[in-house]
Amino acid sequence: MVLSLTTWNINSVRLRMPIVERFVGTYRPDILCLQEIKCQNHEFPLEAMQALGYPHIILHGQKGYHGVAIASKIPLTEDHRRDFCGVGDSRHISAIFERGGRRIRLHNFYVPAGGDEPDRTINPKFGHKLDFVEEMKALSAAAEPDTSAILVGDLNIAPLENDVWSHKQLLKIVSHTPVETEGLTEVIRRGGWVDLMRELVDPSQKLYTWWSYRAKDWDAADRGRRLDHIWSSPDLRPVLQRIDILREARGWDKPSDHVPVTAYFDL
DNA sequence: ATGGTAGTGGGACTA
């Protein structure tokens, strides 16, 4: 059996339902993790998602901003939502599913973008992002006994040199500053996570999941960043089959600035 | 160095 799991920052799920349907119509992942749904729970297009084949849906929405959701063909249990930094933002949702005799804890994150100025003394949004990452360092891939773990989401940090189009030009740009990239690397190290995308694509190769709306021609300029991530506990590494970054979705009608990233596991 | 685009909600903020 193959388990497929997609993470996608959808930048308003209500506006984006046509491309959600287009994506699901072709790729039909077993589990779809969305970020930036930008709606309250009661505004989520629940019936439309169920009609696409996802009877199990858990939500952590918020009016206007942020918001995360998991839509699944597999039952989800023990779900919870954590308020990182205690500011009332909806940036995390988590649940357990069972597959191939395993219990798997799935975390779906939307890490703060952090504003433009990479200095917490003049930009509180950057301070909030650093505090959020600091709090993530306590999140262990082995937190629950007899339970594997997967962590996905828009982490808004491109940790490696080839996770951005120009390492040198982005060193002072929020998402690729040393304090952020070192922070995220420490989240991985302390939590015992495996960066699955970089297990399959050598760090010498460029890898992007996001292209700015502001570029004149995003495709030709190709000034992308790898802001979206799929991590797991080490025990799932041997069953990882492949990961697809659907770059073409950035060119669809009314696109998100992020594209869907799908992992396939032998499970 | 700047401004470029998109979403929510009908301002100003966030990304």
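Hydrogens, waters and symmetry mates are skipped; everything else that's a heavy atom, side chains included, is used. Below, chain A is the first sequence line, B the second, and so on; all start at residue 1.
Using a 4.5 Å cut-off on side-chain heavy atoms (C-beta onward), A/V133 and A/F84 make no contact.
When the P atom of B/dG4 is taken as reference, atom CG of A/D217 falls 18 Å away, rounded to whole Å.
Residues A/H167 and A/H176 place their aromatic rings such that the two centres sit under 6.0 Å apart.
Between A/W193 and A/H107, the ring planes lie perpendicular to each other; the angle is over 60°, past the 30° to 60° tilted range.
A/S72 and A/H56 share no donor-acceptor pair across their side chains, judged by distance under 3.5 Å alone.
Straight-line distance between the P atoms of B/dT2 and B/dA6: roughly 23 Å, to the nearest whole Å. The P atoms of B/dA15 and B/dG9 are separated by 15 Å, rounded to the nearest whole Å. Comparing B/dG11 with B/dG7, their C1' atoms sit 14 Å apart, to the nearest whole Å.
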### Message
Base contacts versus sugar-phosphate-only contacts with protein, heavy atoms under 4.0 Å: please encode nucleotides 5-15 of chain B as B, S and - from 5' to 3'.
### Response
BSSSS---BSB

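Here the rule is side chain to side chain contact (heavy atoms under 4.5 Å, CB included) with A/D79, and of A/I58, A/I96, A/I70 only A/I58 fits it.
In B/dG11 the base sits syn relative to the sugar, since the glycosidic angle is no further than 90° from 0.
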### Test side-chain contact (heavy atoms from CB on, under 4.5 Å) applied to A/T6 and A/F23, step by step
CA-CA 10 Å; A/T6 298; A/F23 173 74; 3.5 Å; yes

